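These notes concern the structure reproduced below.
First listed ligand is number 1; within each ligand, the first listed atom is number 1. Just so it is clear, the model here is predicted, and its values are computed rather than measured.
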Amino acid sequence: MITLKSLHEIDQMRRAGAVVARILQDMAELVAPGITTWDLDRLAESRIKELGAKPAFKGYHGFPACVCISVNEEVVHGIPSKKKVLQEGDIVGVDFGVTLDGWFGDSARTIPVGKVAPEASKLMEVTQKSLELGIAQTREGNRIFDIGHAIQNYVEGFGYSVVREFVGHGIGRALHEEPQVPNYGPRGKGLALKAGMVLAIEPMINAGSPEVKVLADGWTAVTKDRSLSAHFEHTVAILPEGPSVLTALV
Ligand code: MG
Ligand code: MG
């Protein structure tokens with residue numbers, strides 16, 4: 001079942017989204033060579049408390065931390081660790097969600113650690129742009145695969161590939177609601193988009209082949225060929241006049 005949100009409810013979700021954006025920015029400002037992914041998680045947890053929210057990921061199906069942090073060939077769902085020290089040239093995917101007054105927000109960014117190689121920089125830039133193109137399709141009158149088609153068509157033009165195993169999702173009173181939002185697919189097909197839907201759109205784009213595998217920790221997904229991967233995500237509401245990003249930094 002897909003729940004449509006009222007304008008009032010979307011305003012409440014925007015408050016949750018603003019907290020997510022603020023804390024993602026705080027983490028981005030801490031990212032530097034020598035910082036551990038654990039340090040980023042600790043910062044997020046203390047900021048969540050200060051801002052009166054709750055972590056969305058901690059305890060979700062047993063996930064042990066507030067933030068999923070995935071470095072280089074890690075695609076998504078990396079577990080923060082004191083042993084994972086960021087190095088100059090890494091790219092670090094930070095995926096983060098909170099709940100505020102019962103409403104969820106979910107967003108992700110991939111952040112360069114110091115100076116990164118041009119190939120890494122390009123992958124991040126193209127992935128971020130693909131998210132923007134996907135968001136532009138997130139409007140009443142379009143179909144759900146219009147979103148994925150825009151993303152896939154753009155990134156494949158650069159020789160990159162779209163991860164199939166993980167997709168975006170509806171979001172609201174729960175972190176993951178229907179529908180699924182694939183980052184690939186045929187234009188003009190699938191569910192008709194309606195005002196009041198709120199979707200987390202999250203392209204996961206690999207520099208090499210699209211295949212991923214999950215490591216022995218049961219969480220961390222990596223590219224099978226160990227190529228770099230980037231991930232950007234926003235929570236987006238469909239308003240009558242078009243898409244509205246709820247996890248924008250305000
Ligand atoms: Mg996320
Ligand atoms: Mg998500």
For the Mg ion (ligand 1), does an N/O/S atom of Asp106 lie at less than 2.8 Å?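 It does; at least one qualifying atom falls short of 2.8 Å.
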
### Query
So, Ser121 side chain and Pro118 main chain: donor-acceptor pair closer than 3.5 Å or not?
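No; judged by distance alone, with no hydrogens or angles, the pair does not exist.
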
Are Phe145 and Pro182 packed together at the side-chain level, in the sense that at least one heavy-atom pair is separated by less than 4.5 angstrom?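 They are in contact (side-chain heavy atoms under 4.5 Å apart), so the answer is yes.
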
Return yes if a side-chain donor-acceptor contact under 3.5 Å exists between Glu202 and His231, otherwise no.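 Yes, a side-chain donor-acceptor pair sits under 3.5 Å.
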
**Prompt:** For residues Asn206 and Ser229, is any side-chain donor paired with an opposing acceptor at under 3.5 Å?
**Reply:**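 Short answer, yes.
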
Problem set entry | Angular separation of NE2 (His169) and OE2 (Glu202) seen from the Mg ion (ligand 2), to 10° |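 My answer is 90°, to the nearest 10°.
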
Nearest to the Mg ion (ligand 1) - the N/O/S atom of Glu233, by atom name
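Of all N, O or S atoms in Glu233, the Mg ion (ligand 1) lies closest to OE1.
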
Report task. Check Asp95 and report its N/O/S atom nearest to the Mg ion (ligand 1), by atom name. Result ->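 Per the distance ranking, Asp95 contributes OD1 as its closest N/O/S atom to the Mg ion (ligand 1).
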
